[in-house]
Amino acid sequence: MGIRKVLKNNKIHSLLFVCLLLSLLFCAGCQQGISVQEQAQAQNICPQIADEDDLLKLVFIDVGQGDSILLIAPNGQAMLIDGGENCAADTVLAVLAAEEIEELAVVVATHPHSDHIGGLLAVFAQTKVQSVYMPQVSHDTAAFENLLMAIKTEGLQITWAKAGDMVALDDSLKIEIESPFLEEHSNLNNYSVVLHIVYGQRSFLLMGDAEAEIELNLAGINADVLKVGHHGSRSSTIDLFASRLGAQTAIISCGKDNHYEHPHAETLETLTKYDIEVYRTDLDGTITVLCDGKKITVEAEK
Amino acid sequence: MKVIVERIEGNFLICETEKGSYVELPLELVPDAYEGAVLKIEFDKEDEKAKRQRIERMMKELF
């Protein structure tokens, strides 16, 4: 009797195991079976847009050599991604003032390089900030220490930005962190917080300074607008990544006549090859992108 | 003085000075530099003296 019971239990266990295995296989099959287009649609699935007049606004601020992007959600909540160099702080604050932003729901410091975090000091000093997202990586510079100090002074804690996490800003907006996806990356650029933003049928990918090794991992992701990684350096925008993105528009944030010759010719060639229209802060000034969930319009300052 | 390698862009090291300003050094000067490396920039008075003596000696011989 005892033996039979054991056998019976074993049978149940193996049956459960087979079911589990089958369902796992089925799931894996689904994943692999999805076409690129279906994947794109799946990625773009998003809660209902309340009103077609509700616009998502992205302002790629001309901060010279560096990055600073202001995102204003359809519900009016604002998020600042990087703040350029310390000397660009006034430019960033002027844009916040022009957009009548008195409070930033989210500040993202994509990675600890001065051309991304320098200008954030003044932002923390002059604007109310609700939350801060950063990759969990340190840098021994005064610029980074000053940033930590500024965050501490405001009594804020830092949210560790990592792949898979979402940033809640607006119910009609999906903001997913795509990278960093490892605990350790090869250099500070590759710790960059990469954001994929979906609004209605349109999506945006903001790369920070992420380079080829990150792009390899993200190849297959779809976006209508790409904020090109690392100021258009040849370190980023590899062919495989650009070819599968399906983007129509690329934004490059870099300084006029910068020493590093950003954007590099290779990057521009790759973007041209895939018919991606390029806007550059060094030539076009501050670039404003508006989206109603269907249509995207780009306005260049110059 | 000391500088810290803030980042590396192509052939340049972007270094943060003790005053918090930034200077660029050619990567060629410190090819094995890395992000976060602290570089000490100092005089080498001994080497300076030895070189000067050597050249002065040659100058005396040759003139």
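Proteins get letters first, then strands, A, B, ... in listed order; numbering begins at 1 in each. Computed from a prediction, not measured in an experiment: that's the story for all the values here.
- Atom CG of A:D140 and atom CD of B:E35 lie 11.0 Å apart (nearest 0.5 Å).
- Heavy atoms closer than 4.5 Å to chain A are found nowhere in B:Y34, neither backbone nor side chain.
- Only the side chain of B:I14 has a heavy atom closer than 4.5 Å to any heavy atom of chain A.
- Among residues at least two apart or in separate chains, there is no side-chain hydrogen bond (donor to acceptor under 3.5 Å, both in side chains) pair with a member in residues 54-63 of chain B.
- Here the side chain of B:E6 pairs no donor or acceptor atom with the backbone of A:T141 at under 3.5 angstrom.
- More than 12 heavy atoms of other residues, nucleotides or ligands sit less than 6.0 Å from atom CG of A:D165.
- Heavy atoms closer than 4.5 Å to chain B are found nowhere in A:N146, neither backbone nor side chain.
- The environment of B:E48 atom CD is dense: over 12 non-hydrogen atoms of other residues, nucleotides or ligands sit within 6.0 angstrom.
- Taking A:H230, A:E261, A:H264, A:R234 one by one and counting their heavy-atom pairs under 4.5 Å with chain B, the maximum is reached by A:H230.
- Applying the 6.0 Å contact sphere to CD of A:E184 captures no more than 12 heavy atoms from other residues, nucleotides or ligands.
- With a 4.5 Å cut-off on non-hydrogen atoms, B:E24 touches chain A through its side chain but not through its backbone.
- If you measure heavy-atom distances from A:H139 to chain B, the contacts under 4.5 Å come from the side chain alone.
- Using a cut-off of 4.0 Å between Lys/Arg side-chain N and Asp/Glu carboxylate O, A:E85 and B:R7 are scored as salt-bridged.
- For B:V5, the part lying under 4.5 angstrom from a heavy atom of chain A is the backbone only.
- Counting heavy-atom neighbours within 6.0 Å of B:M1 CE, excluding the residue itself, gives a total above 12.
- Looking at residues two or more places apart in sequence or on another chain, you find a ring pair (Phe, Tyr, Trp, His ring centres under 6.0 Å) between A:Y191 and A:H185.
- Residue A:K302 places its NZ atom among more than 12 non-hydrogen atoms of other residues, nucleotides or ligands, all under 6.0 Å distant.
- By the 30° and 60° cut-offs, the orientation of the rings of A:H259 relative to B:F12 is parallel.
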